[in-house]
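Okay, structure first, notes after.
Counting starts at 1 for both ligands and their atoms, in listed order. Predicted model only: the values in this text are computed from it and were never measured. Positions are given from 1, in the same order as the sequence printed here.
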Amino acid sequence: MEQAYLENGGTALLVDLRDGDAVIVHWGDALPAPLPDAALLLPAVPRSNFDVPIRPSLVPQASRGWRGAPGLSGARDDGSGYSPLLTVRSADATATRLDLELEDAVARLRVRIGLELDAHGILHASAELENASDAAYRLVGLELALPLPARAAEVLDHAGRWGREKQQQRHGIAHGEWVRAGRHGRTGHDATGLFAAGTAGFGFGRGEVWGIHLAWSGDHRHRVERLGDGQTVIAAGELLHPGEVVLGAGERYTAPELLAAHSTEGLDGVSARFHRMLRARPTHPRTPRPVVLNTWEAVYFRHDLDELSRLAETAAAVGVERFVLDDGWFRGRRDDHAGLGDWVVDADVWPQGLGPLIERVEALGMRFGLWVEPEMVNEDSDLVRAHPDWIAGPAGRRSLEWRHQQVLDLVNPDAFAHVLGQLDALLSENQGIAFLKWDQNRDQTELGSGGRASTHAQTLAAYRMLDELRRRHPDVEIESCSSGGARVDLGVLARTDRVWASDTNDALERQLIQRGTQALIPPELVGAHIGPAHSHTTGRTQDLSFRAITALVGHFGIEWDILRASDAERAELAQAIAYYRDRRELLHSGRLVHADDRGPSSTVYGVVADDRSEAVFVVAQLTLAPDEQTPPATLPGLDPARRYRVRFGLPLDERGVGERGAPAWIAAGGELELTGAALAVIGVPVPALLPEHALLLDVREVR
Ligand code: GLA
């Protein structure tokens, strides 16, 4: 096979397979016939260079003249095998999939690559290395690279910290390497999620964008590299620690799956491909995403059956559907110094077990959820007292503590079986537990098991535990939480039902955290809760309308002591919940779009139904606007030819309006009819909002 052409969902890959190499020549829009002959597309040889043209192979190799980071690195104990020359031994292609076997017969290494374009245009790229020698091979890294054309001029990724995850950052692509590496022993608060490159000035709705994501919850990197000759690759792979993966005879290493999407419709176009792909999974939640009340910011460790029962009653009265008991229910857990590792109900705090609370919650028509952190231990726990050697880390000493806790060595089969057994018993004895908030609250930069680095094996063990629990309890939904959003990736989402985007419920912070998180993950999988008026993480005070509208585009919930809310607040809350319940089918199935014409002080975004018959848009003021007159909210993504009626989805919060009078259409009754074309370019005049206020526009086609 000289070349392979894959096409699906409007995206295509053209792979040149001559001379034993495998080089992607085109990754982008589908190409109309006749297909180019890749042999004729080879570039010329520059001066002072290798004597043949050099291009990035799928696994870039020094032996093929690649002077950037190699795709496969490692060596044997005697130093041999350091520079593999991989040759394609077999290629199997269908219209949408290419399977390659490459081999270096001298270095005795084999690499299997799978490239599959799914119906949503997402490229699923997998790679596996096999050691075909009797001598051990010490792997440094295995990573696939995708080429970017010269017109890819800027890179956009996300960075962050605790309480402020997934903040966009962007800059021009220049000669050199831009690497976003995570060495946290978990995905990390600063993990990029979606990592994208695009044409100059690309935006949410404009420009050509190539986005990638590594589906992995351990150490990893995403990177763009432009060499001196101008060739550019975008790549991602697992970061391995020294000695972590040593392959014996016939042993294999499987790289985490690399997912990649291209769109000529900007960042939102790439996000839409990921969202559609995730929604099409057989494991994607099929039931309406229930309104959650999580007890954390309401009661913290203050667990009291009576108070929690009253909280549940109030929750049910405003329309909550899932009541989640957070941290503090298990043995010895009076604060965050003790208890992790002992997954049995604390008999002092819960003398009759969790049964009475679960029954109360169910009698009120809600389902019950519970917090766990199975991968962690406190020194002050019965588990560590009995098995001090079950703590992960280097031999002979303890790693630094973080939140007074250590990581349980799940690579140790006894430790794994012990915790799995406790969780299994918990779920079997309390059949009412319909949901687990599965937390993971520390970085571990030197994970180890049996004296060697174990981040790779620990990550796989955590996956195995999630998989096994789901197999035994298929009806229990699981949330991936990690001190907020430190484990938000498509590896963990393959075995969980939503992610917790951040520990901050401050709606101002949440606006941008959710935007960054939802660049990859659709709103229904991203937990978004209304916190207390006075934010516990930032100290800011925000009106309920802003908090509620911010939580609407997500998996909506509450994390606030509503026993202490006023009657007016509860009524407003009930109204927001009713709106969410009414519109969640749209919010959780439509296309997420963002207006490109706002500066950093405000944001306009919404969800448009797939058939474009309706939409919900949020206009949020983040800081004081630079202009006295607020620009109209342009609403992208509707059908230009159809007519729509725009109204407020929730009543306008007059406290948030900073000007006299109202735009004419509001003064005239609060209904505006415009075509999709007019909405996209003229927009809806909106009142000047004060910072940290938002309004909600409900859009329906007029037939
Ligand atoms: C982490 C989570 C929070 C909460 C606490 C409980 O910080 O991210 O939501 O569950 O743990 O200890």
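Arg442 and Gln406 are linked by a side-chain donor-acceptor pair at a separation below 3.5 angstrom, with hydrogens and angles left out of the test. Trp216 and Asp219 share no side-chain donor-acceptor pair at under 3.5 Å. Under 3.5 Å, the side chains of Asp380 and His337 contain no donor-acceptor pair of N or O atoms. Side chain to side chain, Thr496 and Arg498 fail the donor-acceptor criterion of an N or O pair below 3.5 Å.
Close N/O approach between Arg333 and ligand 1 is not found [any backbone or side-chain N/O within under 3.5 Å].
Ion pairing between Glu509 and Arg164 holds under the 4.0 Å rule for side-chain N and carboxylate O.
Under a 4.0 Å criterion applied to the non-hydrogen atoms of Gly484, ligand 1 contributes the atoms 8 (O). Within ligand 1, counting atoms from 1 as listed, the ones closer than 4.0 Å to a heavy atom of Trp500 are 9 (O). Numbered from 1 in the order shown, with element, the atoms of ligand 1 that lie under 4.0 Å from a heavy atom of Asn441 read 1 (C), 7 (O), 11 (O). Of all the atoms in ligand 1, the ones that sit under 4.0 Å from a non-hydrogen atom of Cys481 are 2 (C), 8 (O).
Among Asp335, Asp439, Asn505, Asp327, the residue whose heavy atom lies nearest to atom 1 (C) of ligand 1 is Asp439.
No cation-pi contact links Arg367 to Phe435, judged by a cut-off of 6.0 Å to the six-membered ring centre and 45° from its axis. A cation-pi arrangement is absent between Arg584 and Phe556, since the terminal nitrogen or guanidinium carbon is not both under 6.0 Å from the aromatic centre and inside a 45° cone about the axis.
Counting protein heavy atoms only, atom 9 (O) of ligand 1 is closest to Lys437 NZ, 2.7 Å. Among all protein heavy atoms, the one lying closest to atom 7 (O) of ligand 1 is Asp503 OD2, 2.9 Å. Regarding atom 4 (C) of ligand 1, its nearest protein heavy-atom neighbour is Asp326 OD1, 3.4 Å.
Taking a 4.0 Å cut-off on heavy atoms, Tyr300 fails to register as neighbouring ligand 1. The shell of residues lying under 4.0 angstrom from ligand 1, judged by heavy atoms, includes Arg403. Ligand 1 has no atom lying under 4.0 Å from any heavy atom of Glu559.
Scanning both residues, Leu278 and Ile521, for their nearest heavy atoms gives CD1-CA, 4.3 Å.
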